[in-house]
Amino acid sequence: MPSPRRARIRQTRTDLEYALGTVSRANPITAAWRWRYELSGAAGLAAAWLALGAATAAWLTAALAAALASTACFPAGRRFLAARAWCIVTPHRVRAGCAQAWIHSRYGKLPVILVTRRQPFGERVYLWCRAGISAADFSSARTLLAAACWAKDVQVSRHTRYAHLVALDVIRREPPAGWSGHPWYDTGTPSGSLAVPAPREPAGDAYWLGQPPAREEPPRWVRA
């Protein structure tokens, strides 16, 4: 049985490493991937100005700006543009929040953001946790992440089979009344426990008519 004194020393050393540790600098490939949307837009405009000439490129830029302005004149267009903009901004804010909340490996590596999807409540960010990071780290830093993302709240859920897959629900507004998420996503019971499927019923007449009975599937994501 390990000594309590050694356990305290190990915990103190771990806390000191996290307190003094810093986030490692991203390599050029990683940095380019994180800023791919901004770099693609800037490269596209630069290529248009170089290939088409100043006059044609100016007209093309003005037409693009007019198209964006006309889209923003309608409420649905404004919501669409805002949702797409938040899907680009939110990953940067999540990385900043993870860096300030010490959610990184001992080598200073941040979790990998796989994809960001817009949702009725805001955005849902899927992450790949490196070794040394778990869903509990995000749950304990929810308030810090919500402040970093400029959001009302952040809900954390993890995959039931793969513990390194984590989903962050960045909540910016109340979802529509007709949306069936509970409360922000349809992934199991509110307590985070797995929903046990009902026992399989014997096949009835509907099965033999080509309509198999519906079976409940266990949720893939649960509240962390």
Side-chain angles (χ1 to χ4, degrees), residues 2-39 85-119 121-173 183-185 187-188 190-193 220-224:
S3 172
R5 183 171 179 271
R6 290 186 177 181
R8 288 196 300 269
I9 293 176
R10 189 181 300 109
Q11 184 63 35
T12 303
R13 181 181 177 182
T14 301
D15 296 340
L16 185 62
E17 288 179 355
Y18 271 104
L20 299 179
T22 58
V23 178
S24 61
R25 187 183 298 274
N27 59 60
I29 297 178
T30 303
W33 173 256
R34 292 176 178 177
W35 293 88
R36 58 190 181 278
Y37 298 111
E38 295 84 351
L39 293 177
W86 278 120
C87 286
I88 297 175
V89 173
T90 298
H92 297 301
R93 303 310 308 166
V94 169
R95 279 188 287 265
C98 290
Q100 299 302 322
W102 296 340
I103 305 177
H104 54 75
S105 65
R106 291 193 176 185
Y107 298 104
K109 298 293 186 179
L110 296 174
V112 180
I113 296 179
L114 300 176
V115 66
T116 303
R117 300 287 179 84
R118 61 173 180 167
Q119 297 292 331
F121 53 79
E123 301 84 43
R124 178 173 294 162
V125 184
Y126 294 95
L127 302 101
W128 180 294
C129 294
R130 302 177 187 268
I133 306 174
S134 66
D137 298 326
F138 295 95
S139 298
S140 61
R142 283 177 49 200
T143 55
L144 298 178
L145 294 174
C149 294
W150 308 325
K152 295 174 59 178
D153 193 11
V154 169
Q155 298 288 343
V156 184
S157 57
R158 65 172 181 83
H159 201 278
T160 56
R161 181 178 179 184
Y162 304 104
H164 62 282
L165 295 180
V166 174
L168 298 182
D169 286 345
V170 181
I171 301 168
R172 303 190 182 278
R173 55 190 172 272
W184 310 112
Y185 47 87
T187 55
S191 61
S193 59
R220 292 188 177 182
W221 298 86
V222 294
R223 181 84 58 83

Parallel, tilted or perpendicular, as decided by the 30° and 60° cut-offs, for the rings of Y162 and H159
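If you compare the ring of H159 with that of Y162, the planes turn out tilted.
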Distance (rounded to the nearest 0.5 Å) between [X] [atom1] and [Y] [atom2]:
X    : Y    : atom1 : atom2 : result
N27  : W33  : CG    : CH2   : 13.5 Å
D169 : F121 : CG    : CZ    : 3.5 Å
L144 : F138 : CG    : CZ    : 12.5 Å
R158 : S139 : CZ    : OG    : 9.5 Å
Q119 : C87  : CD    : SG    : 9.0 Å

Under 6.0 Å from the six-membered ring centre of W86 and within 45° of its axis: does the NZ or CZ of R172 meet both?
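Yes - R172 lies over the ring of W86, closer than 6.0 Å to its centre and within 45° of its axis.
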Would you say CD of Q100 has more than 12 non-hydrogen atoms from neighbouring residues, nucleotides or ligands within 6.0 angstrom?
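Atom CD in Q100 is not crowded, with 12 or fewer foreign heavy atoms closer than 6.0 Å.
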Look at atom CZ of R36 and say whether more than 12 heavy atoms of other residues, nucleotides or ligands are closer to it than 6.0 Å.
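Yes, CZ of R36 has more than 12 neighbouring heavy atoms, counting only those of other groups under 6.0 Å.
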For side chain to side chain contact (heavy atoms under 4.5 Å, CB included), just list the numbers for R142 and D153, CA-CA rounded to whole Å, side-chain angles, deciding distance to a tenth of an Å, and then say yes or no.
CA-CA 7 Å; R142 283 177 49 200; D153 193 11; 3.0 Å; yes
Side chain of S140, backbone of D137: donor and acceptor closer than 3.5 Å?
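Yes.
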Are the side chains of V156 and L168 in contact, using a 4.5 Å heavy-atom criterion?
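With C-beta onward as the side chain, the pair touches.
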Is any side-chain heavy atom of V125 closer than 4.5 Å to one of V166?
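V166 does not reach V125 side chain to side chain.
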Strictly by salt bridge (Lys or Arg N to Asp or Glu O under 4.0 Å), give each pair with a member in residues 86-97 just once, sequence neighbours left out.
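Qualifying pairs, neighbours excluded: none.
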How far apart are the closest heavy atoms of A141 and A101, and which atoms are they?
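What the structure gives for the nearest pair is CB-CB, 3.9 Å.
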Minimum-distance pair of heavy atoms, taken over all atoms of I171 and A151
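Taking every non-hydrogen atom into account, O-CB, 3.4 Å.
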With a 3.5 Å cut-off and sequence neighbours excluded, list the donor-acceptor pairs that the side chains of residues 107-116 form with protein atoms.
none

Using the side-chain contact (heavy atoms from CB on, under 4.5 Å) rule, pick out the option among I133, I103, V23 that qualifies with C98.
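Of the listed options, the one satisfying the test is I103.
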Only counting residues at least two apart or in another chain, list the ones meeting ring-ring contact (aromatic ring centres under 6.0 Å, His included) with Y37.
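Here no residue qualifies.
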